[in-house]
Amino acid sequence: MELNDLHIDVLKEIGNIGAGNAATSLSAMLSKRIDMNVPEVSLLNYNDVIESIGGAENIIVGILVSFEGDIDGVILFLLKKEFVHLILNSLLGTELKSFEEISEMEMSALSEIGNIMVSSYVNSISSLTNMKIEITVPSLNIDMSGALLDAVTAEFSEAADRVIFIKEKYFCQDETVYSHMLLLPSMTSLGILLKRFGIDI
Amino acid sequence: MSQAVNVGISDMKIVNVPNGLISYALGSCVGICIIDKAAKIAGMAHIMLPYNNNSDKSNVFKYADTGIDEMIRQMERLGGLRSRMIAKIAGGAKMFDIKGSSTIGNIGERNVAATKETLQKLKIKLFAEDVGLNYGRTITFDSVTGNLTIKSFGKDLKVI
């Protein structure tokens, strides 16, 4: 299946709506006012994604959630150090010096944040399309971005060479941080999803 | 080793002594390194999937089976001999463990299994391996010594 401009526009809109909800949940959790820009949504291949998150060896937090139901696929949530620091500092009052020193408690806090953000994301897609979508318990790992990404890409590369890449920019007090979310529906699910928006493929 | 040539995802390179080869951040992907010391050549393939079931000719190095097969063929063309070749492999990690998911399987484990099966079929000796677990690996292969160096986040360098 070839994606045309119309398909991409719809996917961008889905990305927008989900991201807005995710930011609202984040703001509530951290009890901080968080503003955000309209997220950038693009369709990228593995190498482009790696480049936009700082290179293959950049250490990053990855939270993977699988969704099933009327549509299936995975969402990979990628958090750079600045964003992780903001979350942990607001939630636990800790200072993250390096990923090597991250504690179990900080890891589970991150995992929970990821879970809530992905849930609100998926819920907004679900209510918008009137589809039943359930998500699994998230799996978290901190490692080189290339390594976190290749497994996810491999599982889906037979379906599509490109992934839906959503870059969100948040403003919190004086800080600007970014998060990245990769949405990978299975090929069948992508068709179902687009159809719900009245687009035949 | 004087200079390391970069091998990207779904790619393969062959170098002459004294050059080396490097592949960054392998997760579930597998890096297959083969050396023929007498012919003074070394190759590295960075595969992503186990089998090329649809005979995808445009991207043979994406798959363990067709990738290794083509690497051996090209090494033979450069004077390599199968009987002298030895292989070292690294990668095939399970970066995320999602319980009860039907959409995410264990691609790393399947990549390693396909790699070993292909090497065996082509009668290439598997000399050393560093596979599985849940972390990424950047690998460097030295064509002079045949050493494969593995760098991972938060771990000591490992040489196999």
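Protein chains get the first letters and strands the later ones, always in sequence-line order, with residue 1 at the start of each. Just so it is clear, the values below take in all heavy atoms, side chains as well, and ignore hydrogens, waters and symmetry mates. Keep in mind the model is a prediction, meaning the values are calculated, not measured.
- When V74(A), L148(A), L140(A), V65(A) are each tested for a side chain to side chain contact (heavy atoms under 4.5 Å, CB included) with F96(B), only one passes: L148(A).
- Enclosure of atom CD in Q120(B) is not indicated, since only 12 or fewer non-hydrogen atoms of other residues, nucleotides or ligands lie within 6.0 angstrom.
- Taking all atoms of both residues into account, the shortest heavy-atom contact from M144(A) to R137(B) is CE-N, 3.5 Å.
- A pairwise comparison of heavy atoms in F153(B) and I142(A) identifies CD2-O, 3.6 Å as the closest pair.
- At a 4.5 Å heavy-atom cutoff, the contact between L76(A) and chain B is made by side-chain atoms alone.
- Counting heavy atoms of neighbouring residues, nucleotides and ligands inside a 6.0 Å radius, atom NZ of K155(B) exceeds 12 of them.
- With D150(A) contributing its side chain and L26(B) its backbone, the two residues share no donor-acceptor pair below 3.5 Å.
- Nearest heavy-atom pair, A154(A) versus S28(B), reported as atom, atom and distance to 0.1 Å: CB-OG, 4.3 Å.
- Heavy-atom distances place the side chain of I9(B), and not its backbone, under 4.5 Å from chain A.
- Within 6.0 Å of CD in E100(A) there are more than 12 heavy atoms belonging to other residues, nucleotides or ligands.
- What you find for A56(A) and Y24(B) is that their closest heavy atoms are CB-CB, 4.1 Å.
- Heavy-atom contacts from other residues, nucleotides or ligands closer than 6.0 Å to CD of E109(B) number 12 or fewer.
- Residue-environment remark: NZ (K80(A)) exceeds the threshold of 12 foreign heavy atoms within 6.0 Å.
- Looking at heavy atoms from C-beta onward, Y135(B) lies out of side-chain contact with N141(A) at the 4.5 angstrom threshold.
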